[in-house]
Every structure is written in structure tokens, then in C-alpha cells.
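Letters A, B, ... are given to chains in the order of the sequence lines, protein chains preceding strands, and every chain is numbered from 1.
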Number of protein chains: 2
Amino acid sequence: MTIPNLIPSNIAPLVEHFNDYLPMDAEDIAMLIPRFVERKVKRRQFILQEGDVCQHYSFVVSGCFKIYKVDEKGGEHNIQFVTENDWATDIGSFHAEKPSELYIEAIEPGHILQIKRPDLLFLYVNNPKFDRNFRVIIENKFVELQNRLLQSFCVNATERYLTFLEQYPALSQRLPNTQIASYLGITPEFLSKIRKDLVSK
Amino acid sequence: MTIPNLIPSNIAPLVEHFNDYLPMDAEDIAMLIPRFVERKVKRRQFILQEGDVCQHYSFVVSGCFKIYKVDEKGGEHNIQFVTENDWATDIGSFHAEKPSELYIEAIEPGHILQIKRPDLLFLYVNNPKFDRNFRVIIENKFVELQNRLLQSFCVNATERYLTFLEQYPALSQRLPNTQIASYLGITPEFLSKIRKDLVSK
DNA sequence: ATTTACCCTTAATCTAAGTTAAGGTTCTTT
DNA sequence: AAAGAACCTTAACTTAGATTAAGGGTAAAT
């Protein structure tokens, strides 16, 4: 661990995360520490609700969150799960400062670090490393999202489920099947059928 | 127009594009000019094929391109159309230098400006403005892609078509319905039915 | 000028996934 | 410890959209 021990322990995972992209020196770290706020989140607690402007980029230190949309008929559609060392936000709402169509909700109790828009803009303007880091972070998110779109277009529900198991083996243990079904774009009943058919080869 | 007239006219749209994000001075422009290569593209010509590593970020000066994936059964699925002043690339393949799963093909004859990976990395390392610009470009692309995913999850084919007409009125004139159907994730036959039903209220 | 290739539509049949309903099970909260 | 949620499964029925097939239209290449 290359991080000086003057860093509050609860910020360490975030500093390590940025370090994975571009080495952070003491000055960089000093710049980000006061701008992130720690927050504990209970199970089922929202960090974003439809109609609200998304005010934060939230870095997940622990816990598991779902980002989802509710359709006209009240059905929930998970677009992304966010766990340790990943970011939860509605980028569109955050940057355009427009009401979000999405919910971000804790599936498990957790622990996050949040930065507000003006503070993130401050980092962008005063330290180009943050432009770089977030460029790369968003490039990776873009690729993930594009693969998800390709899957949903090109393969059937059974193959989407198998890909999910392969890609996120830990999540498949951690989440109830109702949430996985919503992520795959199918009903829990149909997922149940797929699982049964898979077991009997 | 704030661009000095020493700029080759064929690069001007690109400089203007960057200017929309962050003002480019003479030095910035001098840095990018030698790194972009102009290329004419015929109808049906590929700028990326499945199995090849995506070597370029391609800025479209004129023309219309489709980015699509071919499924196991040979079906084509358009994931994005790219027209004037937009970028065509497979970000995942480009950055990981891995074979692409996608095709990028000209629907119309066109005219593009291409930059290779080492040249783009040079810009990133030597001028933080490019990290910023591409961060914002990719943020916008991410939002576009996320909206597409939400649409495909939450609404039926008729509403997806209406949204497409609203969002890209010019494209709906410019493209054959077969291409639009592929973008919407339906067959041309079903799009034809939707159009008929819409006309008869 | 005409063939070729692509494009649009209609309609009948087919299928993957949704819906509803019901019973049993396992977490969570009191 | 009990009650209440939430979760998982099975099964019968329904539906959105796919598939197939066929006819006619239009642009473009020889």
C-alpha cells in the first residue's frame, strides 16, 4: 500500500481506486479528501429518486446498489448493479442538472463517498488528472453498457442469464433472482423456468 | 468563425467541434492537425469489420455510418447511426486493442478524419484539453446509449419508433426503413405494420 | 434499357416470453 | 417467537413480435 497513513481510513478505497488509473500524489489526495462526504446507507434506502436532480457522484465503499427505471405500468427495470469500488450516478441528470428518470436504491446496507457537482467541477478545473481518471472510468462504463445492449439485442434470455453468471459470479450469489430477472429483462417466473431447464441439461 | 484560415478547410469541422467543448488555441490546433488523416469512404465501405482491432477514432465530416453487430444466425443489429460532427469507433476494441465484435459501414458516401491510438494517446499525455474534450464527448455518448437501453426495456416497438422519429427526424428521412427496423430491434415487416397502424390512427 | 438488387407491404402462422394465480419457503422485522 | 414480507417455483393461458412467403415498387449498375 503506497498511501500515506494520514489519509482517513474511510477514504482509502477511493484513493486506491484512482491510483489504479493514475498515481495520486499527496497534493492530489489533499485536493479530493475535503470534497468527498462519507455516508452510511440502509437497506432499501434511496440515494436517487425519479424526478430529483442527481446531485452526486457516489463511490461505493461497501454494499450493493441497483440503478433502475420504473415503467408506465409500475414495472422495475434494473439497468445496472453497483458494488464495491464502483460509481453510482445518473450521469445525464448530473451534468444537465435535469430531473432524473431513475432510482438508485441500496439492496444491502452500505457505505458510500459522495461528491457534489461544484466540487467535481473544481477538481476537473484545477487538476487535469481528474479529467483523465473520469474519462477512463466512463469509457469503461460505456463499454459495459454497450455489451449489455448487444446482449439484449442479439441473444435470448437463457444465454443472457449464462453470460450474467459468467460475468458476475459473485453477484449471482449475492442477489435475489427477482433482481437478476429484472436486470435480464425477463419476469422472475421465466427466470425460474430457465433455471429449471438448465439443471435438467 | 474564430478559426485562423491557415487551417486546411477539411479539418475545420473538427476544430469547430472541439471548440464547442473547450476553446482551442493555435497551439492546440497545431498539435491535432498532423495527427488526423482525411479519408473518403464509398457507400457500403467498411471502416471496421468484426475480428479486426479498431485502430481509429473516426470523426465524420460528411456521410452516414451504421455501427452494428451480426448475431449467430446472421441477423444485423444496428446499435448506433453516426452522422456529421459525431464520432464512429468501437471504444472497447480501440482501448483494449482486442478484436472487435462490430462492423462500422458507410450507408452513404462520406468523408472522415481518423486518428490512430498512439496519436490520440500523445494528445492525451501532452495536452489535458483532450482528456477533457473526450471525457465530455464520451459522457454524452454514454447518456445516449443509456436512453437507448431504457427505451428498449421500458416501451414497446410502436413507442420506440415514435421516439426515434422525434429524436432523429432527419435520420428518419435519410435512412431506409430496413435500417431503422434494425435499430429499433424489430423486423422490417413489423415496422411496416406499425407504420400502417399509426397512419390509420 | 433492362436486369439486378434492394426495398416496402400484407397476411398467415409460429414462438419466446409475459401474465395470472396459487402454494410453499425463506428472510426480516416486531 | 411470531407475523409479515419478500422470494421461488409450477402450470395454464395470453400476447408481442418473429418468421415465412409472396407481390409490387424503385433505384442503380451493366
>> Near DNA chain C, counting only heavy atoms under 4.0 Å, which residues of residues 163-191 of chain A show up?
In response: A:G185, A:I186, A:T187, A:E189, A:F190

Spacing between [X] atom [atom1] and [N] atom [atom2], to the nearest angstrom:
| X | N | atom1 | atom2 | result |
| --- | --- | --- | --- | --- |
| A:H77 | C:dG18 | NE2 | C1' | 12 Å |
| B:N156 | C:dA16 | CG | P | 21 Å |
| A:E76 | D:dA6 | CD | C1' | 13 Å |
| A:R160 | C:dA16 | CZ | C1' | 10 Å |
| B:K73 | C:dA16 | NZ | P | 8 Å |
| B:Y161 | D:dG17 | OH | P | 15 Å |
| A:R44 | D:dA5 | CZ | P | 12 Å |
| B:D197 | C:dA11 | CG | C1' | 13 Å |

>> Is the phosphate of D:dC8 approached by A:R195 (side-chain N or O, under 4.0 Å from OP1 or OP2)?
In response: no

> Does A:K193 make a side-chain N or O approach to OP1 or OP2 of C:dG18 shorter than 4.0 Å?
Replying inline: no

>> Pairing donors with acceptors under 3.5 angstrom, does anything connect the side chains of B:Q114 and B:R39?
In response: yes

> Among A:H95, A:E97, A:H56, A:Q55, which residue meets the side chain to side chain donor-acceptor pair (under 3.5 Å) test with A:R117?
Replying inline: A:E97

>> Please check: side-chain N/O of A:R35 versus main-chain N/O of A:M31, any donor-acceptor pairing under 3.5 Å?
In response: yes

>> I'd like to know if the side chain of B:N19 reaches the main chain of B:M24, judged simply by a donor and an acceptor atom lying under 3.5 Å from each other, with no hydrogens or angles considered.
In response: yes

> Tell me, for nucleotides 23-30 of chain C in 5' to 3' order, what letter each nucleotide earns: B for a base near a protein heavy atom under 4.0 Å, S for only sugar-phosphate near one, - for neither?
Replying inline: -----S--

> Looking at A:Y183, does the NZ or CZ of A:R148 lie under 6.0 angstrom from its six-membered ring centre and within 45 degrees of the ring axis?
Replying inline: yes

> When you measure from the centre of the six-membered ring of A:F190, is the NZ or CZ of A:K193 under 6.0 Å away and within 45° of the axis?
Replying inline: no

> With under 30° as parallel and over 60° as perpendicular, where do the rings of A:W87 and A:Y57 fit, or are they tilted in between?
Replying inline: perpendicular

> Are B:K141 and B:Q80 close enough, and set up right, to give a side-chain contact (heavy atoms from CB on, under 4.5 Å), and what steps lead you there?
Replying inline: CA-CA 10 Å; B:K141 289 248 161 206; B:Q80 202 191 138; 2.6 Å; yes

> Under a 4.5 Å cut-off applied to non-hydrogen side-chain atoms, are B:R43 and B:P109 in contact?
Replying inline: yes

